Amino acid sequence: MPVAASPHLSRRLFLGSAAAACLAAGLGGARPARAAGTIKPDAKSALIVVDVQNCFVDGGTLPVKGGAQVVPLINKLAGSFENIVVTQDWHTPGHASFASTHAGKKPFETTSMPYGPQVLWPDHCVQGSDDAALHKDLKLPTAALIVRKGFHKDVDSYSAFLEADRKTPTGLAGYLKERGITTVFVTGLATDFCVAWTALDARKLGFTTYVIEDATRAIDLNGSLAAAWKQMSDAGVKRIQSSDIA
Ligand SMILES: [Zn+2]
């Protein structure tokens with residue numbers, strides 16, 4: 001593995017690499033026992049629902065195994081939160097993250113972008129398409145904000161906070177901070193990409209950060225899931241289950 005010069009680059013390589021990390025970290029990890037229903041979100045807490053869109057469930061263009069199973073859990077969790085933010089992957093046609101945009105490249109291969117390595121995906125979540133719509137069974141009537149991301153043609157954005165160039169903010173940090181929110185609970189799709197990058201950026205921005213594991217599903221590309229959990233654990237992201245929420 002190349003030696004990384006910056007934490008950002010390091011993370012990208014980490015998430016993109018993997019068999020070794022998979023063996024080292026294990027999927028189970030050590031989880032402290034916690035009594036059910038002991039975490040009570042308050043007025044300074046926000047639920048972030050990442051990319052629960054048609055593209056990422058069965059029948060979509062980039063289905064995440066079991067992706068639709070998070071919907072009822074997230075709907076239930078929503079009742080515990082005053083503040084809910086939803087994100088949508090929202091790409092231009094011919095987006096730089098699509099394999100079809102790069103001659104000779106296939107989905108799930110990696111290419112080099114000006115901002116670093118980029119996994120190439122099938123065309124997915126194109127702006128305004130049914131594929132990019134939120135899952136029809138997602139019921140979040142109190143959600144106050146939808147953040148669309150990945151809409152710059154030449155830059156991907158796994159994170160709900162910062163685009164993949166690691167410089168361009170989406171505005172979400174400002175929105176949350178301006179509203180006095182200090183703690184975020186991240187759910188949605190996919191655990192090892194958009195959820196993980198969102199959670200890692202949340203930590204870096206100073207938010208207390210939880211990932212509600214059973215309200216996420218992973219792509220797990222070459223061990224990316226174990227690598228993501230290791231990164232999140234090292235960054236102080238708390239790994240909990242939906243039953244931990246009061
Ligand atoms: Zn995307």
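Numbering of residues begins at 1 and proceeds along the displayed sequence. Scope of the values below: all heavy atoms of this structure, side chains included, with no hydrogens, waters or symmetry mates. Predicted model only: the values in this text are computed from it and were never measured. Atoms within a ligand are numbered from 1 in the order they appear, just like the ligands themselves.
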Original post:
Which N, O or S atom name in Asp89 marks its closest approach to the Zn ion (ligand 1)?
Top reply: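 Result for Asp89 and the Zn ion (ligand 1): OD2.
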Original post:
Closer than 2.8 Å to the Zn ion (ligand 1), do we get an N, O or S atom from Cys125, backbone or side chain?
Top reply: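 Checking Cys125: none of its N, O or S atoms is under 2.8 Å.
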Original post:
Quick check: does His124 put an N/O/S atom under 2.8 Å from the Zn ion (ligand 1)?
Top reply: yes
Subject >> Qualifying residue for side chain to side chain contact (heavy atoms under 4.5 Å, CB included) with Val52, from Asp137, Ile74, Val64, Leu134 >> reply: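 When side chain to side chain contact (heavy atoms under 4.5 Å, CB included) is applied between Val52 and each of Asp137, Ile74, Val64, Leu134, only Ile74 qualifies.
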When you measure from the side chain of [X] to the backbone N and O of [Y], does any donor-acceptor pair fall under 3.5 Å?
X: Asp214; Y: Ser242; result: yes
X: Gln88; Y: Gln53; result: no
X: Asp234; Y: Gln231; result: no

